[in-house]
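Have a look at the structure below before the remarks.
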Amino acid sequence: MAKRVVSGIQPTGNLHLGNYLGAIRNWVRMQDEVARDGGECFFFLADLHAITVFNEPAQLRANVRSMAAALIAAGVDPEKSTLFNQAAVSAHAELAWLLNCTARIGWLNRMTQFKEKSGKHREGASVGLFAYPVLQAADVLIYRATHVPVGEDQKQHLELARDIATKFNTDFATELFVLPDPMIPPAAARIMSLRDGGAKMSKSDPSDMSRINLTDDADTIASKIRKAKTDPEPIPADAAGLDARPEAKNLIGIYAALSDESVADVVARFAGQGFGAFKPALAELLVETLRPISGRLAELEKDPAELDRILAHGAAKARAAAEPIVAGAYSALGLTRETR
Ligand code: TYM
């Protein structure tokens with residue numbers, strides 16, 4: 001069966017290194033291979049997910065555009081992949097409702113991301129934040145995705161998507177939904193904060209020093225890496241020596257992912273050296289990798305009309321692909337839908 005690759009990103013603020021190494025770089029790497037084999041890629045800005053917490057409307061609209069520009073700058077090619085914003089394809093919201101009636105409250109109660117995001121304020125969280133993984137299931141099931149490139153933090157949501165698909169197919173004696181496989185990169189599954197090796201690099205961290213943004217200039221990158229938390233020990237001789245050293249492990253993991261080497265090879269090369277020697281090498285590699293991306297991003301942002309045109313074109317293609325599946329779901333449930 002030809003591959004159907006589907007993935008999304010929330011249009012909140014900047015693209016950071018965790019997004020890039022954990023997910024976007026894999027989107028880009030898959031798009032050529034998939035097109036060659038007669039498959040298709042669908043990548044979207046998850047604006048319906050973004051509104052599960054308050055977002056200022058004008059800011060949301062601007063973020064959708066700038067995240068689209070960032071994805072294209074990072075290598076997503078709208079000629080090869082279908083790129084769109086989720087809200088422009090109403091089938092996502094429609095299927096999410098139908099799947100809300102298949103998903104069980106007990107399944108959602110186990111979702112660790114909801115627990116982290118709602119924290120002590122569970123009662124005050126939006127219903128949308130709780131049902132968020134059901135919308136995510138709709139996002140991939142609606143295109144009959146076979147492969148979903150994501151970072152490790154999305155694994156549990158994709159397992160839920162598989163459970164929902166299985167229950168729906170069984171309850172309604174259909175083969176409508178395909179079970180998606182998560183594709184999680186081995187080296188960069190979870191990039192951690194530069195200030196705390198126990199927290200993942202995230203857009204919601206209040207400290208900008210905790211993350212590398214794809215728009216950071218060379219001086220900012222060098223300063224963030226110089227100030228990144230480490231320990232006084234030298235780099236060990238083998239990868240196992242990093243096990244109890246989360247900050248050291250993170251920086252070496254970032255280097256390995258950027259240079260497409262194994263952690264073992266990087267450690268072997270820098271063994272015995274301190275982080276004072278390693279950090280400039282890492283900063284240089286980051287600057288080299290990110291400079292062309294931020295250059296392209298600045299160019300793309302000059303032409304918002306072209307970005308809107310790209311997104312509208314992608315949405316039309318996505319609508320056509322999603323329509324038969326959502327119609328099939330209504331029909332499997334015995335519902336009569338508005339004919340389109
Ligand atoms: P989001 O917007 O938080 O992140 C986008 C992608 O980046 C990955 N990622 C990371 N990977 C490694 N290390 C990190 N520190 C790191 N931070 C983020 C995420 O795993 C993700 O792949 N719910 C999703 C968006 C979404 C989606 C979907 C994804 C909506 N529908 C359907 C896949 C399929 C989210 O909030 O990702």
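Each ligand, and each atom within it, is numbered from 1 in the order the structure gives. Below, all heavy atoms of this structure are taken into account, side chains as well, without hydrogens, waters or symmetry copies.
- Side chain of R144 to backbone of L176: a donor-acceptor contact under 3.5 angstrom is found.
- Residue Q10 has at least one nitrogen or oxygen atom sitting less than 3.5 Å from a nitrogen or oxygen atom of ligand 1, judged on distance alone.
- Nearest to atom 32 (C) of ligand 1 among the protein's heavy atoms is Q136 CG, 3.5 Å.
- Against a heavy-atom cut-off of under 4.0 Å, Y132 is close to the following atoms of ligand 1: 23 (N), 24 (C), 35 (C), 36 (O).
- A side-chain N or O of E261 and one of S259 form a donor-acceptor pair less than 3.5 Å apart.
- For the residue pair L15 and A70, the shortest heavy atom distance occurs at CD2-CB, 3.8 Å.
- Atoms of ligand 1 lying under 4.0 Å from any heavy atom of A188, numbered from 1 in the order shown and given with element: 12 (C).
- Residue contacts with ligand 1 for N19 involve both N, CA, C or O and side-chain atoms from C-beta outward (heavy atoms, distance under 4.0 Å).
- Close contacts between ligand 1 and V148 involve ligand atoms 33 (C), 34 (C) [criterion: under 4.0 Å to a heavy atom].
- Regarding atom 25 (C) of ligand 1, its nearest protein heavy-atom neighbour is G8 O, 3.6 Å.
- Using modelled atom types, one finds no donor on one side chain facing an acceptor on the other under 3.5 Å when comparing H49 with Q136.
- The shortest N or O to N or O distance between D153 and ligand 1 is below 3.5 Å.
- Residues N250 and S193 share a closest heavy-atom pair of ND2-O, 3.7 Å.
- For the pair I51 and D47, the minimum side-chain heavy-atom distance is 4.5 Å or more.
- For the pair F44 and ligand 1, the shortest N or O to N or O distance does not fall below 3.5 Å.
- Closest approach of V89 to A315, counting heavy atoms only: CG2-O, 3.9 Å.
- Counting heavy atoms closer than 4.0 Å to ligand 1, residue L158 contributes nothing at all.
- Within the listing of ligand 1, atoms 30 (C) sit less than 4.0 angstrom from a heavy atom of A46.
- Atom 31 (N) of ligand 1 has as its closest protein heavy atom D139 OD2, 2.6 Å.
- In this structure, S202 falls outside the shell of residues with a heavy atom less than 4.0 angstrom from ligand 1.
- For the residues V6, V150, I191, the heavy atom positioned nearest atom 15 (N) of ligand 1 is part of I191.
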List the atom pairs, donor and acceptor, that lie under 3.5 Å between side-chain atoms in residues 321-328 and the rest of the protein, sequence neighbours left out.
residue, atom, partner, partner atom, Å
E323, OE1, R337, NH2, 3.4
E323, OE2, R337, NH1, 2.9

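- Checked against a 3.5 angstrom limit, the closest N/O atoms of M201 and ligand 1 fall inside it.
- On a distance-only criterion, G18 and ligand 1 share at least one N/O pair closer than 3.5 Å.
- Using a 3.5 Å distance cut-off with no hydrogens or angles, the side chains of D217 and T220 do pair a donor with an acceptor.
- At a heavy-atom distance under 4.0 Å, no atom of L135 approaches ligand 1.
- Note: the hydrophobic cluster containing L17 also contains I72 (ILVMFWY, side chain heavy atoms under 4.5 Å, direct or indirect links).
- Remark: ligand 1 atoms within the under-4.0 Å shell around heavy atoms of A23 are 6 (C), 7 (O), 22 (O).
- Contact between A189 and ligand 1 is present, with at least one heavy atom of the residue lying under 4.0 Å from the ligand.
- Close approach of ligand 1 to H49 is summarised as follows: ligand atoms under 4.0 Å from at least one heavy atom of the residue are 30 (C), 31 (N).
- Under 3.5 Å, the side chains of D208 and N213 contain a donor-acceptor pair of N or O atoms.
- You'll find the side chain of R36 reaches within 4.5 Å of the side chain of D32, heavy atoms only.
- Q273 is not listed as a side-chain neighbour of F278, based on a closest heavy-atom distance of 4.5 Å or more.
- Within the 4.0 Å heavy-atom criterion, neither part of Q86 lies near ligand 1.
- The contact set between ligand 1 and V140, taken as ligand atoms under 4.0 Å from a residue heavy atom, comprises 32 (C), 34 (C).
- Contact detail for D243 and K249: the closest heavy-atom pair is OD1-NZ, 3.8 Å.
- Closest to atom 37 (O) of ligand 1 among all protein heavy atoms lies Q154 NE2, 3.8 Å.
- Residue contact check: G22 has heavy atoms under 4.0 Å from atoms 11 (N), 12 (C) of ligand 1.
- Contact analysis puts K203 in contact with ligand 1, with a non-hydrogen atom separation below 4.0 angstrom.
- A side-chain donor from one of N63 and Q59 sits under 3.5 Å from a side-chain acceptor of the other.
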